[in-house]
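So the structure is just underneath, and the comments pick up after that.
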Amino acid sequence: MRFVVCVKQVPDTTEIEVDEETGTIIREGVPSVLNAFDEFALNLAVELKNEVEEDVEIVALSMGPPQAKEALNKCLAIGADRAVLLTDMVFAGADTWATSVTLSRAIKNIGKTDIVFMGQEASDGNTAQVGPEVAAHMGIPQLTFVTEVESVNNSHVVAKKETDEGFVRIKCETPVMIACMPTPGFEPRIPNIREIMKAKKKEYQEWSHEDLGGDPSEYGLDGSESVVIKTYSPPPKGEGIIVDDEPEVAVKKLMDFFEDEGIL
Amino acid sequence: MPVWAIFKGGIMARTKLSDDRDLTEEQRLFKESLLEWAERNMPLDRVIKMNREGHPYPRELIKGLADLGVIMGTVPEERGGMGLTWKDQALIADIIGYIDPSIATAAGFMAVETGWGFTIDRHANDEIRKKYVQPAIRGDKFIGIATTEPGGGSDVANFKCTGEKDGDEWVLNGEKTFISGVEEAKQIGGGYWVNVRTGEKVPGAAHKNMTAFFVPIDSEGLTPTEPYDDAGRNSISTGGFIMEDVRVPEEYMLGEKDKGFYYTMEGFDNARILIGASAVGVTRRILEEAADYIKEREVFGSPLAKYEGIQFEFVERYTEMEASRLMVNKVADMQDTRYDEEGWAERSGKAKTYSPTEIAKWISMIKYKVPHLAKDTADDAMHWLGAAGYSSEYIFETAWRGVMSYCVGAEGGANIQKIVIGRETLGKDYVPYK
Ligand SMILES: Cc1cc2nc3c(=O)[nH]c(=O)nc-3n(C[C@H](O)[C@H](O)[C@H](O)COP(=O)(O)OP(=O)(O)OC[C@H]3O[C@@H](n4cnc5c(N)ncnc54)[C@H](O)[C@@H]3O)c2cc1C
């Protein structure tokens with residue numbers, strides 16, 4: 001059996017600072033990390049691999065600049081068996097459409113895959129589009145907001161998915177794309193030094209657009225359907241009001257405030 | 001998070017003083033894993049609490065450290081280690097010092113178990129490796145070093161414990177004092193590298209006839225003494241033991257008979273590198289924690305960090321910390337050439353680039369300098385914070401008491417390091433004693 005886990009390296013959001021003059025994010029010196037949603041997806045894949053009796057190969061797949069190798073190294077340490085980085089100037093500037101075209105072609109290249117694990121979204125773009133688009137390009141079913149994968153065999157997977165009302169358990173045919181949503185309090189596996197050293201010896205490949213075939217214009221900025229007109233951060237919120245009184249007084253103050261503002 | 005870290009509009013950006021760009025990809029991952037583990041298992045408030053509560057070191061944390069793979073990483077893979085370089089292990093020691101600035105964790109598991117344990121592994125036979133070294137790597141046993149005696153520690157060659165051969169066994173007698181980890185070894189099992197005299201004392205060459213043995217803590221005739229009530233690094237014990245006709249088999253001899261002194265110097269080198277590295281981490285943590293405070297705390301209408309009286313002291317310590325880090329890197333690089341070479345023989349001077357005594361000089365420089373820097377930085381930080389710095393709510397006084405152990409004597413006193421540095425720079429004729 002084969003699981004492909006798509007991962008993205010993103011700026012560490014806890015470290016982000018905004019240039020006050022231009023309103024844009026300062027990227028220099030900001031460390032990059034593995035997108036937390038993808039890390040969760042990888043953790044689910046590794047857990048599932050440990051549970052099933054059949055041999056499973058986990059392939060970590062990423063599209064990004066050469067530095068994204070670092071995120072893949074981490075995946076190899078956490079438990080991926082091999083890794084592929086799609087790196088090529090031709091891929092640069094891709095929107096979600098071009099990204100999903102690139103990823104789905106790479107997955108086809110990797111070979112027969114039972115489950116494509118993806119994060120529900122990436123913490124930098126937050127579109128949640130790439131996973132479903134990959135499923136569409138591949139012509140396979142998709143499960144989104146998945147918090148747990150219970151079991152898998154040669155034809156089906158059973159997964160738990162979060163909805164507005166609660167959870168649903170779904171049995172679905174494979175191959176399938178599963179977009180994973182971390183549960184509150186989820187603590188990812190911490191790779192130990194032995195695993196990190198072992199990861200160094202695992203197979204790692206870099207592919208360019210030539211490895212995937214097709215015309216360069218289908219990738220990257222040229223292959224993108226959407227155009228970013230402007231990036232800006234929302235104006236900072238005001239200071240806010242802190243009501244710091246005994247409950248009875250505080251509630252009264254709050255109610256008065258709501259009334260004055262016409263909220264109630 | 002301390003209340004002062006919250007200010008209008010959000011949470012203050014933490015001061016970070018580490019530069020990752022000179023690390024390898026793997027080293028960056030080690031660092032990430034260790035810091036993530038510490039955030040979950042050993043945040044600063046736990047370090048402070050562990051020091052208040054005292055030894056033995058929490059067992060689950062020994063296991064946790066071992067599972068992470070930080071203990072004895074430099075032992076070759078085929079013998080249960082990871083074959084890490086000294087550069088890797090020094091980085092790990094730095095982060096361990098950063099995580100636990102009381103230095104207890106670095107003392108127990110970097111200097112003692114890794115520095116000395118690695119050396120035990122080199123000179124032990126397979127039985128000791130299998131029964132003690134490998135379980136210690138897995139966190140199931142504690143192994144340590146016992147050179148110091150009631151008569152003193154600096155003059156390593158002037159020791160009184162004895163070993164006499166009786167058939168296939170050796171009978172050991174004497175007392176060892178100020179020994180790290182005795183309570184931990186008692187609790188989870190383990191043993192010590194013990195130096196004894198196995199021949200007549202040679203006038204003018206007291207270091208001759210020193211033989212090293214591995215002695216299990218539960219040996220018959222071995223009685224642990226009352227642990228010391230130390231000033232700091234209280235989460236790991238310092239104790240001692242008396243040996244009365246302790247019998248160990250011939251195979252428990254480490255290396256060759258009468259070569260103990262040379263192995264001991266090798267062990268000190270290995271432990272001192274890791275202490276130098278840990279003290280860099282301790283210093284960095286103290287500076288980061290202090291920076292967060294002095295940037296926020298306003299006195300006479302301005303943050304403390306704006307006053308040169310404080311800012312310049314901070315900057316001086318930071319500069320010394322970075323200089324020390326570079327020195328530790330150099331020493332670790334030198335040490336990597338020492339064990340790289342096939343057929344490297346102790347004190348043969350045949351190492352690839354540097355002779356062992358040359359490496360020892362550099363090791364003594366960091367062993368002398370960096371723990372003092374950590375102690376002085378903690379001292380400064382306590383001044384910068386005022387009453388808050390004096391309270392154990394913050395890490396500074398815990399760190400100050402802990403790193404002091406490496407200034408007064410642990411792994412060799414400051415003056416002993418200076419004697420080594422003097423010998424290697426001015427020449428053997430100027431050794432102050434003989
Ligand atoms: C917390 C702690 C843990 C320890 N753990 C261990 C352990 O696990 N195993 C172990 O074997 N030992 C251990 N030690 C002991 C340590 O190795 C000794 O403290 C050290 O060797 C110094 O010996 P001493 O304390 O007997 O001091 P002494 O040898 O009595 O020296 C006292 C002072 O005189 C200075 N001095 C010595 N000779 C000279 C000279 N010629 N010229 C000028 N100054 C000189 C020394 O630097 C020192 O400051 C530990 C010590 C501490 C504090």
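Below, chain A is the first sequence line, B the second, and so on; all start at residue 1.
Using a 4.5 Å heavy-atom threshold, the side chains of A:C180 and A:F37 count as separate.
No donor-acceptor contact under 3.5 angstrom links the side chains of B:S18 and B:Y98, judged on distance only. In summary, the side chains of A:Y204 and A:E206 do present a donor paired with an acceptor at a separation below 3.5 Å, with no hydrogens or angles considered. Between the side chains of A:S62 and A:K8, no donor-acceptor pair of N or O atoms lies under 3.5 Å. For the residue pair A:N35 / A:Q9, no side-chain donor-acceptor distance below 3.5 Å is found, with atom types taken as modelled.
At a 4.5 Å heavy-atom cutoff, the contact between A:E187 and chain B is made by backbone and side-chain atoms alike. A:K69 touches chain B through its side chain: at least one heavy atom from C-beta onward sits under 4.5 Å away, while N, CA, C and O do not. Both the backbone and the side chain of B:E36 have a heavy atom closer than 4.5 Å to some heavy atom of chain A. In this structure, the portion of B:R40 lying under 4.5 Å from any heavy atom of chain A is its side chain and not its backbone.
Comparing A:E70, A:E195, A:K198 by how many heavy-atom pairs each has under 4.5 Å with chain B, the most go to A:E70.
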